[in-house]
Amino acid sequence: MRVLATIHLGSEGPGTLGSYLENAGVELVPVLLYEGEHLPENANGFDAIVSMGGPMNVYQEEEYPFLAEETTFLRNAINADIPVLGVCLGAQLIAKAAGAEVALAAAKEVGWCRVSLTNAGREDVLFQGLPETLEVLQWHEDMFHVPEGGQLLASSEACANEAFRYRNAFGLQFHLEITDEILKDWFRATPELPPMLARYEQLQPEFGKQAETMYKNFLNLIQCG
C-alpha cells in the first residue's frame, strides 16, 4: 500500500500519522512542496493522499505556486475516488478543490481546544470509536466551508467548521498528529511553550490512543476502498 503525503513546511510533517502508517506496513511517499518538489501528474499508483498543514493561506497562490498545483491534484484524486485526508491547510485545500470557500474565520484558534462531533460525525467511519468531544491542538486563522454535497463532522465554540467529509475526502481543521518535538518547534522561544507541553503530557496517552483510532479508521477505509 502506498500513500502520498504533501508537505508544505518542514516543521509540519505527518508526525504520528506518518509513524502509524509506516508501522502498519504502508509506504509513505512525501512530496516536499516547500523545497520545490512537484506532485506526479496524477494519483494513479497511490492508495490514498494525505495533505498536511502549513502557515500559508490557500489563496496565496502567487507567493506559493505549489498551492495551485496541489488544488488541481487533490481535485483529480477525489474525482478518481482515491481516499484523501487533509489536516489544517490540507483540509482547506480539499475544500477549495471541491469548490467551497475558504476565508478568514470569526476568531483565530491557537492552542488546545475542544471540538464536538455532529450527528453526521458520530456516524461517520472516520470517527468510529472516538468520544463525542475531543481535545485537540489548533493553529489557524482561516476556516473552510463545507463543499456542496459534503457533511459537517465536527465544530467548536470558536469555529463552526472543524471537520468535514466530501465523498472520499476528509478535512480536519485541527491537529492530532503532533508530538512533543513538533510542539517544541512550533512554539519555540514563546511563553506558550511550557503550558502547551504540560497539557500535552497530561493528555497522553489518551490523546495518542484517540489519534491512532482515527488513523486506523482511515487505514480501514483505504483497505476497503
Side-chain angles (χ1 to χ4, degrees), residues 3-15 17 30-43 46 48-80 82-111 113 115 126 136-156 158-178 182 186 218:
V3 174
L4 183 147
T6 61
I7 314 297
H8 310 102
L9 190 68
S11 62
E12 300 219 26
L17 170 59
V31 179
L32 309 183
L33 296 172
Y34 66 98
E35 288 194 352
E37 294 183 2
H38 289 281
L39 291 161
E41 183 175 345
N42 56 59
F46 292 97
I49 310 298
V50 173
S51 178
M52 301 310 301
M56 58 286 296
N57 305 102
V58 297
Y59 39 80
Q60 291 182 288
E61 293 180 345
E62 289 189 10
E63 187 174 356
Y64 303 98
F66 60 74
L67 293 174
E69 177 188 2
E70 184 174 0
T71 300
T72 299
F73 180 80
L74 293 173
R75 182 182 301 115
N76 292 340
I78 294 169
N79 289 336
I82 296 172
V84 181
L85 176 65
V87 176
C88 200
L89 173 64
Q92 296 168 3
L93 285 167
I94 291 172
K96 183 179 180 182
E101 180 186 10
V102 178
L104 195 66
K108 185 175 182 179
E109 287 187 302
V110 178
C113 168
V115 299
L126 191 66
V136 296
L137 197 283
Q138 302 273 16
W139 196 327
H140 70 99
E141 61 180 4
D142 278 359
M143 181 187 76
F144 57 73
H145 289 258
V146 179
E148 184 176 354
Q151 290 182 307
L152 178 66
L153 302 181
S155 300
S156 72
C159 183
N161 301 334
E162 290 283 2
F164 74 92
R165 178 175 187 167
Y166 175 73
R167 294 171 53 183
N168 51 300
F170 299 86
L172 308 176
Q173 188 59 74
F174 49 86
H175 298 272
L176 289 176
E177 82 286 0
I178 56 168
I182 288 176
W186 289 2
F218 185 63

(message) Test side chain to side chain contact (heavy atoms under 4.5 Å, CB included) on Val87 and Glu177; report intermediate values, then the result.
(response) CA-CA 9 Å; Val87 176; Glu177 82 286 0; 3.7 Å; yes

(message) Assess the residue pair Leu39 and Leu33 against the criterion (side chain to side chain contact (heavy atoms under 4.5 Å, CB included)); give the C-alpha distance rounded to whole Å, side-chain angles, the decisive distance to 0.1 Å, and a yes or no.
(response) CA-CA 8 Å; Leu39 291 161; Leu33 296 172; 4.0 Å; yes

(request) Return yes when atom CD of Glu35 has more than 12 non-hydrogen atoms of other residues, nucleotides or ligands closer than 6.0 Å, and no otherwise. (result) yes

Output all residues satisfying side chain to side chain contact (heavy atoms under 4.5 Å, CB included) with [X], sequence neighbours left out; order by chain, then residue number.
| X | value |
| --- | --- |
| Glu61 | Leu67, Ala68, Thr71, Lys96 |
| Pro30 | Ile7, Leu32 |
| Ala43 | Ile49, Phe73, Ala77, Ile82 |
| Ala48 | Val3, Pro83, Phe218, Ile222 |

Side-chain contact test, heavy atoms from C-beta onward, threshold under 4.5 Å: evaluate it for [X] versus [Y] and give yes or no.
| X | Y | value |
| --- | --- | --- |
| Pro40 | Phe46 | yes |
| Trp139 | Cys88 | no |
| Asn161 | Gln173 | no |
| Leu126 | Arg165 | no |
| Leu176 | Leu137 | no |
| Trp186 | Ser11 | yes |

(message) Holding to side chain to side chain donor-acceptor pair (under 3.5 Å), I want the full list of residues that pass it with Glu70, two or more places apart in sequence or in another chain.
(response) Thr6, His8, Ser51

Give, for atom [atom1] of [X] and atom [atom2] of [Y], the distance between the pair rounded to the nearest 0.5 Å.
| X | Y | atom1 | atom2 | value |
| --- | --- | --- | --- | --- |
| Phe164 | Leu153 | CZ | CG | 9.0 Å |
| Phe66 | His38 | CZ | NE2 | 11.0 Å |
| Ile78 | Arg167 | CD1 | CZ | 7.0 Å |
| Leu152 | Phe144 | CG | CZ | 7.5 Å |
| Cys159 | Lys108 | SG | NZ | 13.5 Å |
| Ile178 | Glu12 | CD1 | CD | 11.0 Å |

Search all heavy atoms of [X] against all heavy atoms of [Y] and return the closest pair with its distance.
| X | Y | result |
| --- | --- | --- |
| Ala100 | Val146 | CB-C, 4.1 Å |
| Glu109 | Ala158 | OE2-CB, 3.6 Å |
| Val115 | Gln138 | CG1-NE2, 3.7 Å |

(request) Determine, step by step, whether Glu162 and Ser155 satisfy the side-chain hydrogen bond (donor to acceptor under 3.5 Å, both in side chains) criterion, reporting the C-alpha distance in whole Å, the side-chain angles of both residues, the deciding distance to 0.1 Å, and the verdict. (result) CA-CA 5 Å; Glu162 290 283 2; Ser155 300; over 6 Å; no

Exercise answer: donor-acceptor pairs, residues 52-60 side-chain atoms, under 3.5 Å, sequence neighbours excluded:
unit_1	atom_1	unit_2	atom_2	d
Asn57	ND2	Asp142	OD2	2.8
Tyr59	OH	Asp142	OD1	3.3
Tyr59	OH	Asp142	OD2	2.9
Gln60	OE1	Asn57	N	2.7
Gln60	NE2	Glu63	OE1	3.2

